[in-house]
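Residues: numbered from 1 along the sequence shown.
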Amino acid sequence: MKLLLFLLTLTARLNTSPQTFPTLRLGTVRRVRSLRRVPRWKRERRTEHSSQAKRKSRDWFGMFDGYDSCSEDTSSSSSSEESEEEVAPLPSSLPIIKNNGQVYTYPDGKSGMATCEMCGMVGVRDAFYSKTKRFCSVSCSRSYSSNSKKASILARLQVTGKPPTKKAKVLQKQPLVAKLAAYAQYQATLQNQAKTKAVSMEGFSWGNYINSNSFIAAPVTCFKHAPMGTCWGDISENVRVEVPNTDCSLPTKVFWIAGIVKLAGYNALLRYEGFENDSGLDFWCNICGSDIHPVGWCAASGKPLVPPRTIQHKYTNWKAFLVKRLTGAKTLPPDFSQKVSESMQYPFKPCMRVEVVDKRHLCRTRVAVVESVIGGRLRLVYEESEDRTDDFWCHMHSPLIHHIGWSRSIGHRFKRSDITKKQDGHFDTPPHLFAKVKEVDQSGEWFKEGMKLEAIDPLNLSTICVATIRKVLADGFLMIGIDGSEAADGSDWFCYHATSPSIFPVGFCEINMIELTPPRGYTKLPFKWFDYLRETGSIAAPVKLFNKDVPNHGFRVGMKLEAVDLMEPRLICVATVTRIIHRLLRIHFDGWEEEYDQWVDCESPDLYPVGWCQLTGYQLQPPASQSSRESQSASSKQKKKAKSQQYKGHKKMTTLQLKEELLDGEDYNFLQGASDQESNGSANFYIKQEP
């Protein structure tokens, strides 16, 4: 009687109602404990023979015809084993859908279950390590083979969180109660770890953020450089998928069908099939995650489909229900997971050498080495950095990186490295891996030195400034300076391609009602281009030389996305599209003031769909204030403002001052807000220039 009470207590700890165990009686438990051990080769041969003799027909959902009579299925599948080994019967009230003849029972160490011979953890046999299924992890396997007491203690601490006791017994001699207790402890440890991780790593939730404010996220198809950006297909609301069933008391991982209620980038709000208009158990997940599968995957993979516990009573024939609900419905393509995997394969590898802009001298490039690749973003370490802390972040399609030898080929400034030869393992990146720029014809009418234009200031991306072409390079590249804030030696000139969407003809801001930043110190306000050209004796760059292609990008004002803070290129933040001027987007960082906004191109590789950081493992920076977008942290605000002033102050420095600052170790990041990628659309949106 005491043992029965103890078992009931354990089942309560497993969050399982007592009604779930109507057939777990004391006599059954005693019989299981007294079973003799059968050699492994006999069990495998008997199991194979039994599965072949009793294989049942399944439909494409992975459901057996006898789903509504689970107890009958259970008795028939285990009848061949009664002569040599008894198994505790399954409760007839529990609806389990079986696959490939496999029966998932409670953690009694028998059907579908296994116990680690190192730490005593009970779990699903298929999830255990190695072919023998003797250990739950690589750590336990190594610890067991080393026969080290210290390793044994560490392994047990890793799994259960508690050191082994003096009364610990060998696996084969552990009673069922001990295994149940170990399993309960293991589940409790996992839950505690999950809660701790959720607080530390997932303090910000895109799903809650979008639901609470009714935001709309930019669709994945807007980001051609992102994973699945070009093959997202017809994934939309009402698409059905197979996902893990979290509303279930079974100790093994089971699945159920859910429909997409709302899409937000890679993230989808899902609702289990059968809940109709009840949103009580709706949940957000990443569609490209490893646990999301097309309908029919469970049947092909031998995984069980189990309806959520909350709605088990609603239908007596779940198979007929699913057939009715899924007839004519859409699901993911069968090769969806393969496409996701392929789209996340990146050609850039660590130890590749590239030429990248020198963040301390914008006018030149220098050699850097790829340190790591995350989601196509590269952490580049300048080759002369001894402690490997002098780094720069950018996307592999960024116009800021080039193949070795690029600077010499077009006449761009280049800082020669003090390193005379390549370090071991380093090699030059093949030129074909870099983003291609549109070929231009410079033989006819072309840009000339001294021509005026408007350009996004790379040191203050929230402004479009009056600028001048300072040097014409080969292959369509131009060196540009911001009027009124240039260094005498041209050390702050920056390089744009002629087709770059970050340069505009004279009058672009006026016709599109954008505030144009006049030259520093210019007193005749409001600024008029005609007067300024006459005063400086300059001419405007011809309108026909600029890129006027406008793709059908799909962005709308108010859409949410994840964007690189180009003031700190290593950071990716929660952001909003606040304005659209043809192909030009104004990006606002949620929680910050408008002075920190950025103008970027619609095809910029520094923009990503909602959920990109979660998919790739990159850290996402949440809004400065989640409770109110207008209320900001004073300390963070001052820090970011100081950083902004640091960049703005950089433009005022003389050459001598700049060298002194560099000796002091100050760090200035080069900022770039647009991509040189071309598009198919076209539009003429520039005003006519005055003669």
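Considering OG1 of T365 and CD1 of I401, their distance stands at 12.0 Å, rounded to 0.5 Å. Once rounded to the nearest 0.5 Å, the distance linking CD1 of I581 with CZ of R583 reads 14.0 Å. Within the model, atoms CZ of F414 and SG of C363 stand 13.0 Å from one another, a figure rounded to the nearest 0.5 Å. Atom SG of C465 is separated from atom CD1 of I480 by 11.5 Å, given to the nearest 0.5 angstrom. Between atom CD1 of residue I404 and atom CZ of residue R353 there is a gap of 4.5 Å, rounded to the nearest 0.5 Å. Note that CD1 of I464 is 7.0 Å distant from CD of E454, once rounded to the nearest 0.5 Å.
Counting only heavy atoms from C-beta outward, the side chains of L263 and P219 never approach each other to under 4.5 Å. Inter-residue side-chain proximity for T616 and R377 is flagged as unmet; no heavy-atom pair is nearer than 4.5 Å. Side-chain contact check for P227 versus Y346: some heavy-atom pair is nearer than 4.5 Å. The side-chain heavy atoms of V370 and K349, taken from C-beta on, include no pair separated by under 4.5 Å. Using a 4.5 Å heavy-atom cutoff, the side chains of E384 and D390 are not in contact. Between W446 and P542, every side-chain heavy-atom pair lies at or beyond the 4.5 Å cut-off. M352 is listed as a side-chain neighbour of F427, based on a closest heavy-atom distance under 4.5 Å. Contact check for E486 versus D492: side-chain heavy atoms found under the 4.5 Å cut-off.
Under a cut-off of 6.0 angstrom, the local environment of NZ in K262 is crowded, with over 12 non-hydrogen atoms contributed by other residues, nucleotides or ligands. With a 6.0 Å radius and a threshold of 12 heavy atoms from other residues, nucleotides or ligands, I216 has its CD1 atom at or below the threshold. Crowding of E515 atom CD: a count of heavy atoms from other residues, nucleotides or ligands under 6.0 Å not exceeding 12. The number of heavy-atom neighbours closer than 6.0 Å to NZ of K330, taken from other residues, nucleotides and ligands shown, is 12 or below.
Cation-pi geometry between R366 and Y382 is met: the NZ or CZ atom falls under 6.0 Å from the ring centre, inside 45° of the normal. For the pair K359 and F392, the cation-pi test (distance below 6.0 Å, angle within 45°) is failed.
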Test log, rule side-chain contact (heavy atoms from CB on, under 4.5 Å), inputs V557 and I580: CA-CA 7 Å; V557 172; I580 301 176; 4.1 Å; yes
side-chain contact (heavy atoms from CB on, under 4.5 Å) between K448 and I469, intermediate numbers included: CA-CA 7 Å; K448 294 186 172 78; I469 297 174; over 6 Å; no
side-chain contact (heavy atoms from CB on, under 4.5 Å) assessment of L378 paired with V356: CA-CA 11 Å; L378 312 177; V356 65; over 6 Å; no
side-chain contact (heavy atoms from CB on, under 4.5 Å) assessment of R586 paired with S462: CA-CA 8 Å; R586 189 165 181 90; S462 64; 3.8 Å; yes
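Looking at K224 and E603, no side-chain N of the basic residue comes within less than 4.0 Å of a carboxylate O on the acidic one, giving no salt bridge. Here D358 does not pair with R413 in a salt bridge; the nearest charged N to carboxylate O distance is not below 4.0 Å.
Taking the six-membered ring where the residue is Trp, the centroids of F447 and F477 are separated by 6.0 Å or more. Taking the six-membered ring where the residue is Trp, the centroids of H225 and Y608 are separated by under 6.0 Å.
Side-chain contact of W206 with Q614: a donor-acceptor pair under 3.5 Å is absent, judged by distance alone. One side chain, D590 or T576, offers a donor N or O that lies under 3.5 Å from an acceptor on the other. Looking at T468 and D483, their side chains do bring a donor and an acceptor atom within 3.5 Å of each other. Side-chain polar atoms of W529 and E510 form no donor-acceptor pair below 3.5 angstrom.
Residues forming a salt bridge (charged side-chain N to carboxylate O under 4.0 Å, His left out) with R570 (at least two apart in sequence, or on another chain): E568. For R379, the side-chain contact (heavy atoms from CB on, under 4.5 Å) criterion is met by E371, S372, V381, D391, W393, not counting sequence neighbours. In this structure, the side chain to side chain donor-acceptor pair (under 3.5 Å) partners of Y522, at least two apart in sequence or on a different chain, are E535.
With hydrogens and angles ignored, the 3.5 Å screen pairs no side-chain donor or acceptor of T499 with any backbone N or O of N547. E383 places no side-chain N or O within donor-acceptor distance of the main-chain N or O of V369, the cut-off being under 3.5 Å. A donor-acceptor pair under 3.5 Å is absent between the side-chain atoms of E594 and the main chain of H588, judged by distance alone. Within the 3.5 Å criterion, the main-chain N or O of D475 finds a donor-acceptor partner in the side chain of H497. Judged purely by atom type and a 3.5 angstrom limit, D489 uses its side chain to pair as donor or acceptor with the backbone of S491. Formation of a donor-acceptor pair under 3.5 Å by the E562 side chain with backbone atoms of L620 is not found in this model.
Relative orientation of the F504 and F508 rings is parallel, given thresholds of 30° and 60° on the angle between their planes.
When every heavy atom of L561 is checked against every heavy atom of M559, the shortest pair comes out as CD2-O, 3.8 Å. Nearest heavy atoms, L453 versus M451: CD2-O, 4.0 Å. The two residues L269 and W284 come nearest to each other via the heavy atoms CD1-NE1, 3.4 Å. Between T536 and Y532, the closest heavy-atom pair is OG1-O, 2.8 Å. When all heavy atoms of I539 and L533 are compared, the closest pair comes out as C-CD2, 4.2 Å. Counting all heavy atoms, side chain and backbone alike, L270 lies closest to C285 at CD1-SG, 3.2 Å.
Residue H412 forms a ring pair (Phe, Tyr, Trp, His ring centres under 6.0 Å) with just one option from Y496, W493, W406, and that option is W406.
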